[in-house]
**Q** 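Would you mind keeping the following structure in view while I ask a few things?
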2 protein chains.
Amino acid sequence: MEKDISTEEKIKKAARKVFQEKGYGQARTRDIADEAGINLALLNYYFRSKEKLFDIIMEESMQQMFGLIVGVVNDESIELSRKIDLIVNRYVDSLLENPNLPLFVLSEIQANPKKLMERVGISENLIKNNYFYKQMSDQMNKKDLKGIDPLQIFINIVSMTVFPIVGKPLLISIHSPMTEDDYANFINDRRKLVPQWIRMMLKIDK
Amino acid sequence: MEKDISTEEKIKKAARKVFQEKGYGQARTRDIADEAGINLALLNYYFRSKEKLFDIIMEESMQQMFGLIVGVVNDESIELSRKIDLIVNRYVDSLLENPNLPLFVLSEIQANPKKLMERVGISENLIKNNYFYKQMSDQMNKKDLKGIDPLQIFINIVSMTVFPIVGKPLLISIHSPMTEDDYANFINDRRKLVPQWIRMMLKIDK
DNA sequence: GTCTATAGACTGATAGAC
DNA sequence: GTCTATCAGTCTATAGAC
């Protein structure tokens with residue numbers, strides 16, 4: 001099934017896993033080499049150093065985190081209410097596949113702000129100058145919600161979608177008799193609930 | 001002002017800072033010793049090892065994260081609507097003082113689940129068997145919201161409060177011309193907004 | 001391209017003087 | 001209790017054979 005991938009891709013795949021699980025500091029190049037089924041020296045042959053390899057993985061991870069919504073957000077053909085559904089569901093899908101991603105990105109930015117902050121600038125003005133932002137503004141002007149920054153609503157979408165997945169271990173251990181199935185149901189319920197709540201905040205009739 | 005604190009407390013204070021900033025893996029015992037203004041050997045004299053010191057800091061950090069609400073949540077004298085205000089505002093206060101706390105706890109649990117999961121068990125059943133949960137259930141039964149698990153609402157409170165603070169670097173760099181003052185205003189606006197939204201979800205008239 | 005062997009640097013921890 | 005000096009182990013990175 002994964003027989004023909006190049007060694008370079010094998011290493012990147014292993015690096016993605018180990019870095020996202022343990023973070024840069026606790027990740028060992030030996031772990032990555034073992035996970036990839038290759039020798040440690042080969043890792044330095046393809047990528048000059050642990051740091052260079054990490055930079056590549058982090059670049060990818062950040063693009064994955066933001067790129068996901070950029071497409072939907074600026075699509076002018078999608079009506080506001082449906083767009084909310086799409087954003088939430090796409091994020092949930094992506095996060096369930098890759099649940100370690102957001103915590104990895106956030107905590108590495110925190111551990112090394114100077115180095116990583118500038119890269120986020122790639123998606124600069126992602127929010128202020130997009131069509132979704134405009135759609136929300138229009139709706140909020142109509143419905144007498146002019147005092148509220150549309151960014152507040154956008155952050156609510158991201159918060160209510162990302163946090164329950166980032167905080168999975170907490171959720172499970174606090175709410176004691178919660179099985180994996182319970183958790184899956186809990187998250188899946190939010191696919192419908194979060195868009196409903198967002199529509200309430202925006203006073204979308206539907 | 002902080003002249004008379006014991007050496008042990010000085011080390012703990014420094015450890016709290018360094019661990020929460022860099023995480024266990026990237027934190028160096030030398031960094032902690034320097035930050036505390038003492039020698040490296042002294043750190044091992046007071047605490048047997050880096051790991052023991054970390055365990056103490058993590059124990060404290062977790063208690064700080066949960067302990068904060070436990071008191072309010074089980075107070076039967078506080079009415080539901082006001083309790084929501086209290087929880088949000090206490091959390092915002094605490095997180096602004098200690099913004100690295102949640103990301104630290106969450107990412108260390110992820111990096112080392114086996115070791116840290118059991119400790120959360122201290123606050124087991126924090127949610128299911130508390131009075132706040134009962135208050136929400138009652139309200140939701142009255143208002144024809146029986147299909148929704150009150151835990152969903154509780155998670156919304158935590159998500160909408162914690163995430164914007166955890167994601168500060170992202171928020172600032174994505175929404176490009178955002179100063180520190182802008183950010184402070186943004187968070188302070190949420191002190192009123194989040195409770196309003198939660199009341200909407202619970203159909204609390206007020 | 002891929003391996004083994006090892007260098008070189010860093011880190012946590014301790015011994016021992018004061 | 002606090003320090004200096006140092007050890008032992010671990011980790012990244014490279015040299016060199018195939």
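Quick caveat: nothing in here was measured; it's all calculated off a predicted structure. Note on naming: letters A, B, ... go to the chains in the order of the sequence lines (proteins, then strands), and numbering restarts at 1 for each one.
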**Q** Distance check needed: dG1(D) C1' versus Glu9(B) CD, whole Å only.
**A** 17 Å

**Q** How many Å lie between CD1 on Ile32(A) and P on dT12(D), as a whole number?
**A** 8 Å

**Q** Find the distance Ile38(A):CD1 to dA13(D):P and express it as a whole number of Å.
**A** 13 Å

**Q** Once side chain to side chain contact (heavy atoms under 4.5 Å, CB included) is applied, do any residues pair with Tyr131(B), and if so which ones, sequence neighbours excluded?
**A** Asn74(B), Glu76(B), Lys83(B), Lys134(B), Gln135(B)

**Q** Asp55(A): which residues meet the salt bridge (Lys or Arg N to Asp or Glu O under 4.0 Å) condition with it, sequence neighbours left out?
**A** Lys115(A), Arg119(A)

**Q** Nearest-Å distance, CD (Gln26(B)) to P (dC11(D))?
**A** 15 Å

**Q** Which residues pass the side chain to side chain contact (heavy atoms under 4.5 Å, CB included) test with Asp93(B), sequence neighbours left out?
**A** Arg191(B)

**Q** My understanding is that only residues two or more places apart in sequence, or in another chain, count here; which of them pass side chain to side chain contact (heavy atoms under 4.5 Å, CB included) with Arg28(A)?
**A** Asp31(A), Lys50(A)

**Q** If a protein heavy atom is under 4.0 Å from the base, mark B; if only from the sugar-phosphate, S; if neither, -; do that for nucleotides 11-18 of chain C going 5' to 3'.
**A** BBBBB---

**Q** Measuring to OP1 and OP2 of dG1(C), would you say a side-chain N or O of Thr7(A) lies under 4.0 angstrom away?
**A** no

**Q** Can you tell me which residue among Lys10(A), Lys17(A), Arg16(A) is in a salt bridge (charged side-chain N to carboxylate O under 4.0 Å, His left out) with Glu35(A)?
**A** Lys17(A)

**Q** Taking only residues two or more places apart in sequence, or in another chain, which ones meet Glu79(B) in a side chain to side chain contact (heavy atoms under 4.5 Å, CB included)?
**A** Ser81(B), Arg82(B)

